[in-house]
Amino acid sequence: MKDKNLKFEEYPLRVPTEKRTINKMESLIKDLEECGSALTAKLAVKHWNKYMSELSTDVGVISVRYSLDTRNKIYKNAQDKVDELSPVFSKYSNEFEKILLKAKYRKDLEKLYGKYLFKIFENNQKSFDPKIIPDLIEENKLTSKYDEVLGTAQIEFRGQVYNLSQLGKFMSDKDRETRKEASIAMDKWMGEHEKEIADIYDKLVHLRDGMAKKLGYKNFVELGYIRLGRTDYNAKMVKGYRDQIRQEVVPIAQKLYKAQMKGLGIKDPQSFDYNLKFLSGNPTPVGDSKVLVGHAKTMYEKMSKESADFINLMINNHLMDLDARAGKAPGGYCTYFSEYKTPFIFSNFNGTEGDVNVLCHEGGHAFQAYLSSGIKIPEYQNPTLESCEIHSMSMEFFTWPYMNLFFGKDAEKYKYSHLCDAIEFLPYGITIDEFQHWVYEHPNATHEERCAKYKEIESINLPHSRYDYCPTMNKGTRWMRQSHVFGTPFYYIDYTLAQVVAFQFLAEDLKNHEKAWKKYVKLCKLGGTLPFTGLLEKVHLRNPFEEGNVKKNIHPLLKVLKEFDTSKF
Ligand SMILES: [Zn+2]
């Protein structure tokens, strides 16, 4: 057992070597092959899981260290090694799982581990074959290329040079002329890089379509779902769900946008105007990261005993790196080291409300990882991605009573803005999702056709979009800035599904906090022992795929919105 008080910087950096790793995996596979009963296989699985836990922890430590300091040569080399080896590791896990699936004692193992584990294994088999390893390596390269193009963007604006996220701040500036100029600068940069980014995407689409065909699928849609571990829903159900959002949420979002523009006194709104919520400016947290972490400590300590223990572990063991620094990778994430049973939160604070969101959203992910750490079967520790986002997005609402800590007098303004954003996100989310379905169903479409399709879908779901000063955006290129479209196809609707479920948590929390919190903790502790719809059923949450449930979850929030006195903002 590892030392519980070990700090992150004391975690050793161990770079896996190809020969040693393969030898070890081959010998563990051989041990399993020799098993004649569930009893002996149980031990072989235990040994395999132990080794996988060590390996994934080593890989995780490398990846975090590298993202903290991308200019460090040792970390860079270690990360390159891992990128190169990971498809090879998949080959061996695939072999191991195949033996378990075909074992004559499988029924006994199912009794031991549950049937769902074997569903996960079957799903993994369907998405992999050694013959697509070169394609997978190429896919990794192309998505890294996309990250690089966007991550290294240098955009000139008013005599200075900014990256995309820095420029984003000006796009929501209080001054309309600043918003406009910043948006034009962004659009100009996009125009200059449109061809390069479009080429990367075109290659990715053809590569993925090719892999799907090699594995025997009609196109990439089904394979995309399998890769995301979706065993309980399909593209048809997702379409039905998108239709519910279109019917129920699009009109509500449009009303919110209208009210926002009325409040700002803008008669001919452009897309960049919607970035600014209030004439008095967007809510801004008071204090630097040290102050905010201090507030997060107070908040999680007050919330419950479990969350108090959690936040103290995160702080005492240095499991959060939040400040933006030169050389640090962009963005934010939460990860988990299974050998140490510890989560880790990575972020780039920039002094906006987004900083508080990290402490609540990524905090929710980390809290779930912490609560699920007792689950013995590694495949059951984390659920599929849409369920993971329930943990984080619901935590964003459970933290509402503590927002005065972070925002002072702006607390109510923040909550109102948070809820509006959450509702307005849904029409955008389904737009990205519908677009991707079309793309993979029409893999030979040209870039122009893709953009035209995006624009068509956007005009239905987001009819307020106007890009009169931004010719590149006006062509229907908004999707090119959405990294999920490149990195993980069909992983975007997940955020909307989770958001709809989190709305139910908000409504229930406002009604009866004790009951809602208990339900939330239960869901977190269930980890990935069930698929998405199974988890919902287990804790009595509405399934968004069922007709009428989106309406049921959204309806109570309209009352919540009305209770805010927006004249004070
Ligand atoms: Zn998240």
Side-chain angles (χ1 to χ4, degrees), residues 60 63-64 67 143 147 165 168 227-230 292 296 299-300 303 307 310-311 314 319-322 329-337 342-350 352-373 381-400 406 414 418-419 421-426 428-430 432-433 481-506 520-521 523-528 531-532 535-536 541 544:
S63 144
V64 172
S67 63
T143 55
D147 291 341
S165 81
R227 294 215 301 196
L228 289 167
R230 296 173 181 172
L292 298 184
M299 171 175 84
Y300 284 117
M303 207 179 264
S307 52
F310 153 74
I311 194 68
M314 298 300 285
L319 297 165
M320 296 189 276
D321 194 300
L322 305 171
Y333 62 76
C334 168
T335 188
Y336 179 72
F337 306 115
T342 49
F344 188 94
I345 296 177
F346 173 98
S347 180
N348 282 284
F349 276 12
N350 65 352
T352 66
E353 60 194 285
D355 298 353
V356 177
N357 193 268
V358 167
L359 291 166
C360 305
H361 180 102
E362 301 303 336
H365 283 307
F367 183 54
Q368 178 266 326
Y370 170 80
L371 288 180
S372 299
S373 62
Q381 271 176 359
N382 279 313
T384 39
L385 297 170
E386 72 299 269
S387 310
C388 287
E389 294 307 323
I390 304 176
H391 310 136
S392 53
M393 290 173 141
S394 306
M395 183 60 99
E396 291 177 26
F397 290 129
F398 280 114
T399 59
W400 265 23
F406 298 97
Y414 171 76
H418 176 209
L419 186 51
D421 282 345
I423 295 171
E424 290 162 3
F425 168 68
L426 300 175
Y428 173 67
I430 62 162
I432 288 291
D433 187 62
R481 263 169 47 207
Q482 194 61 59
S483 64
H484 305 69
V485 171
F486 292 76
T488 318
F490 302 117
Y491 168 36
Y492 203 67
I493 200 74
D494 298 56
Y495 291 99
T496 75
L497 289 164
Q499 188 67 76
V500 170
V501 177
F503 284 156
Q504 186 177 350
F505 267 122
L506 172 62
Y520 174 73
V521 170
L523 177 75
C524 289
K525 284 185 176 165
L526 281 169
F532 174 56
L535 288 170
L536 297 178
L541 285 164

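Both ligands and their constituent atoms are indexed starting at 1 by order of listing.
Inclusion of His361 in the first shell of the Zn ion (ligand 1) is supported: an N, O or S atom falls under 2.8 Å.
In Glu389, the N, O or S atom that comes nearest to the Zn ion (ligand 1) is OE1. Nearest N/O/S atom of His365 relative to the Zn ion (ligand 1): this is NE2.
For Gln499 and Thr496, the side-chain atoms include no donor-acceptor pair closer than 3.5 Å. Of the N and O atoms on the side chains of His361 and Glu389, at least one donor lies less than 3.5 Å from an acceptor on the other residue.
A donor-acceptor distance shorter than 3.5 angstrom exists from the side chain of Asp355 to the backbone of Asn350, with no hydrogens or angles considered.
Of the options Phe490, Tyr428, Tyr491, a ring pair (Phe, Tyr, Trp, His ring centres under 6.0 Å) to His484 is made by Tyr491 and by none of the others.
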